[in-house]
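Okay, structure first, notes after.
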Amino acid sequence: MRGKCGLFFSSYRAEAGLFPSAFQKTCLGLFLAALCACPLVLDTYHVSILNVILIAVIGAAGLNLLTGVCGQISLGHGAFVGVGAYASALATLSGWPFVLSLLAGGLAAAATGMVFGLPSLRLKGIYLAIATLAAQLILEYLFLHATALTGGSNGLALDAPQILGFSFNTDTRIFYLILAVAVAVVLGVANIIRTRPGRAFVAIRDHHLSAEIAGVNLFAGKLSAFGVSAFLAGVAGCLWAHYTMFINPEQFGITLSISYLAMIVIGGLGSVIGAIMGAVFITLLPELLNLASGGLAGLFPDMSASLNALREGVFGLTLILFLIFEPEGLAHRWRLIKAYWKLYPFAH
Amino acid sequence: MANLEVSSLTLTFRGLAALMDVSFIVPEGQIVSLIGPNGAGKTSMLNCISGRYTPDCGQISLDGLDLLRLPAHRRTSLGLSRTFQNIALFKGLSVLDNLMVGRHHLMDTGLLASILYFGPARRKEDAHRLKVEEIIDFLGLSPYRHQIAGRLPYGVQKRVELGRALAAEPRLILLDEPMAGMNLEETEDMARYILDLNEEWAITTLLVEHDMGVVMDISDQVVVLDFGSVLAQGAPGEVQQNPEVVRAYLGSEDSHFLGR
Ligand SMILES: Nc1ncnc2c1ncn2[C@@H]1O[C@H](COP(=O)(O)OP(=O)(O)OP(=O)(O)O)[C@@H](O)[C@H]1O
Ligand SMILES: [Mg+2]
């Protein structure tokens, strides 16, 4: 049933639900079922894109909690993903079961995030951005030069993850593993946002003096935002490492940090759905541009080199156009569309 | 039970004194108003009590407990809450969530419990929601419950801020110019709320306000600050007659109250 002219609740509890209407619950169920069925109809290449998207969703949901919800910008997220990747890879290589490696990757990243989050207690905005950029550079340096641990520029190779003897050694198999983690992360982050810790994060973002008056400990609040956010980055890193089965420092550079920021800005700051939409958009855009430039190169074979260069430019241009015309993110547009259809045909 | 005691408080900014040797008492259950011309140090006084500023010397105690030893966020659980002179809401949160943040110190849901949500975290959210609804009813905020606070009209935002302070279940509330910028009707409503929360909920109140009509009507006592020092204190009638107060206010925008 669709809530045509609005929804009415008979209890506060029903109103506070994540998916307040039966219609929404059904849609979500269908969506998840469709996702689960994807590997049955898609070829391996497309499943691999889905895997990359889901990993990005995990990292972006984490960054959105820190930057969108708590207002603390981080340019070090790519390196936090790297910490999770290396820590979990090392754990797996020394014989730990995958689930423990996943946890280890998350916790190592969380600890790193909290240490590099310390400047946030004194710095804001652009100054915090610079401080976290320093974190990114320091960690990148360590990935490259702590060769005994990370293998330096040679990188680390590892095997597909195993749980209870079952090996997730194909794109399709690992898809279900990544999907399960991503769904858990998305629900967990949504729950944080709608309860006490999440409200405290927003309070810190919107007015830190008032937050203090309400009894929010700014120190603990900011650090835990860094902790949770980096934990999720670490989880994304662990999945990435075990999915690609090869990691090297280049994968966790400043470009990764920036593309995570692009995801949450394009998707919509401060909401879970924004992180999801941004992750989908930023991951798919290069693929679509690839397709387009491939098609054009077929038509004009002698131009393929310049088309490649053009692709990068179009990527940047698309981002800029989005920022100008959709500054509140895709999630906001999505809400407007939903509101429109709810009142249809009486919308004005 | 809340008895605020400020004694010999001095606060300086780079050598300039904002407060000089200020002493006064806010007895339990009373409404005490802190008045004075612009720049007299009223907001600075509230900031010292709530923990935003650290005074150079002097004491502040609540029911005999030394407030100055505690960081701002820990003073809340002693029963202290406040509103700000300029609206200081969480702009991106709904009215409901603004008030729920007010109850932060009364709740104990940690990160893990909140991630799992079902069970204790959910029950606690529901219970606190009921309390918040009481305050929403009291302040007539029901129509705005789910609206984003930053997009509401000014007068409503002022009420939401009062609501957030009340949600913390304070015993002592500090109000910094709650009527500033309000029209006559909104001012009367606000005065009514302050009297009600003082009488029915037994919340001791320290009020900073420029609207002398309101101050003289609802205060049990008035403390007058001028250039950071206490010029006079006592019952509203006495203070109004005090020649020093009359002199301090001459020519200022609040001087009309002298002629009443
Ligand atoms: N953070 C600060 N740094 C420097 N000076 C300050 C600061 N806060 C207040 N002051 C100074 O202290 C004095 C008292 O200011 P305060 O804001 O307490 O006045 P007020 O009585 O609240 O005035 P108003 O009625 O205009 O709100 C002023 O001279 C002000 O310039
Ligand atoms: Mg003031």
Side-chain angles (χ1 to χ4, degrees), chain A residues 6-7 9 11-18 20 61 65 68-71 110 184-221 223-225 227-229 231-232 269-271 328 335, chain B residues 47 50-52 71-77 80-84 87-94 96-118 121-130 132-133 145-146 149-150 161 164-165 167-168 170 174:
Chain A
L7 271 167
F9 300 98
S11 78
Y12 295 139
R13 169 172 284 201
E15 192 185 57
L18 270 186
L65 199 57
V69 178
C70 194
V185 165
V186 163
L187 288 178
V189 171
N191 280 340
I192 291 180
I193 291 179
R194 66 175 166 154
T195 48
R196 178 178 180 259
R199 283 190 301 260
F201 289 161
V202 180
I204 292 172
R205 176 194 75 188
D206 280 357
H207 204 286
H208 67 280
L209 295 179
S210 292
E212 234 177 356
I213 295 302
V216 176
N217 182 344
L218 300 182
F219 180 83
L223 280 197
S224 59
V228 183
S229 172
F231 181 89
L232 296 180
L269 285 170
S271 71
E328 293 189 69
R335 272 191 294 275
Chain B
N47 283 341
S50 72
R52 168 106 183 89
H73 69 269
R74 301 223 2 235
R75 297 184 192 190
T76 320
S77 32
L80 183 68
S81 194
R82 74 172 285 185
T83 63
F84 290 86
I87 288 174
L89 286 176
F90 308 123
K91 286 199 199 76
L93 286 178
S94 66
L96 187 66
D97 281 338
N98 265 279
L99 269 61
M100 286 294 275
V101 176
R103 298 186 73 75
H104 184 86
H105 76 106
L106 299 168
M107 305 174 76
D108 61 358
T109 312
L111 265 172
L112 273 182
S114 102
I115 290 170
L116 300 172
Y117 186 65
F118 295 96
R122 180 170 180 172
R123 275 195 300 280
K124 280 179 206 156
E125 287 285 318
D126 291 349
H128 285 276
R129 171 80 192 268
L130 284 178
V132 162
E133 289 293 340
R145 196 186 275 120
H146 290 297
E161 215 187 318
R164 186 181 64 195
L174 316 175

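Below, chains carry the letters A, B, ... as their sequence lines are ordered, and counting in each starts from 1. If you're wondering where the values come from, they're calculated on a predicted model, not measured in any experiment.
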>> Heavy-atom count check: over 12 atoms from other residues, nucleotides or ligands less than 6.0 Å from B:L130 CG?
In response: yes

>> Distance to the ring centre below 6.0 angstrom and angle to the axis at most 45 degrees; does that hold for A:R194 and B:Y117?
In response: yes

>> Using 0.5 Å steps for rounding, measure from the NE2 atom of A:H207 to the CG atom of B:N98.
In response: 11.0 Å

> In terms of heavy-atom proximity below 4.5 Å to chain B, should A:A184 be classed as side chain, backbone, both, or neither?
Replying inline: neither

> Side chain, backbone, both or neither: which part of B:A168 has an atom under 4.5 Å from a heavy atom of chain A?
Replying inline: neither

> Distance-only, no hydrogens or angles: does the A:R196 side chain make a donor-acceptor pair with backbone N or O of B:H104 under 3.5 Å?
Replying inline: yes

> Which bit of A:V228 is near chain B, if near means a heavy-atom gap under 4.5 Å: side chain, backbone, both or neither?
Replying inline: side chain

> Mind checking what makes side chain to side chain donor-acceptor pair (under 3.5 Å) contact with A:R335, not counting sequence neighbours?
Replying inline: none

>> Within the 4.5 Å heavy-atom criterion, are A:I192 and B:L111 side-chain neighbours or not?
In response: yes

>> Do A:L218 and B:H73 have side chains that approach each other closer than 4.5 Å (heavy atoms only, starting at C-beta)?
In response: no

> In terms of heavy-atom proximity below 4.5 Å to chain A, should B:H146 be classed as side chain, backbone, both, or neither?
Replying inline: side chain

> Side chain, backbone, both or neither: which part of B:D126 has a heavy atom under 4.5 Å from chain A?
Replying inline: side chain

> Can you tell which of A:G215, A:G270, A:G227, A:A190 has the highest number of heavy-atom pairs within less than 4.5 Å of chain B?
Replying inline: A:G215

> Is it the backbone or the side chain of B:R164 that comes under 4.5 Å from a heavy atom of chain A, or both, or neither?
Replying inline: side chain

> Relative to chain A, which of B:P170, B:G110, B:A88 shows the most heavy atom pairs under 4.5 Å?
Replying inline: B:A88

> Where does B:A72 contact chain A at under 4.5 Å (heavy atoms): side chain, backbone, both or neither?
Replying inline: both

> So what's closer than 4.5 Å to chain A heavy atoms on B:S77: side chain, backbone, both or neither?
Replying inline: neither

> At a heavy-atom separation under 4.5 Å, does B:R82 approach chain A through its side chain, its backbone, both, or neither?
Replying inline: both

> Tell me, side chain or backbone of B:D108 under 4.5 Å from chain A's heavy atoms, or both, or neither?
Replying inline: backbone

>> Counting only non-hydrogen atoms closer than 4.5 Å, does B:L106 touch chain A with its backbone (N, CA, C, O), its side chain (CB onward), both, or neither?
In response: neither

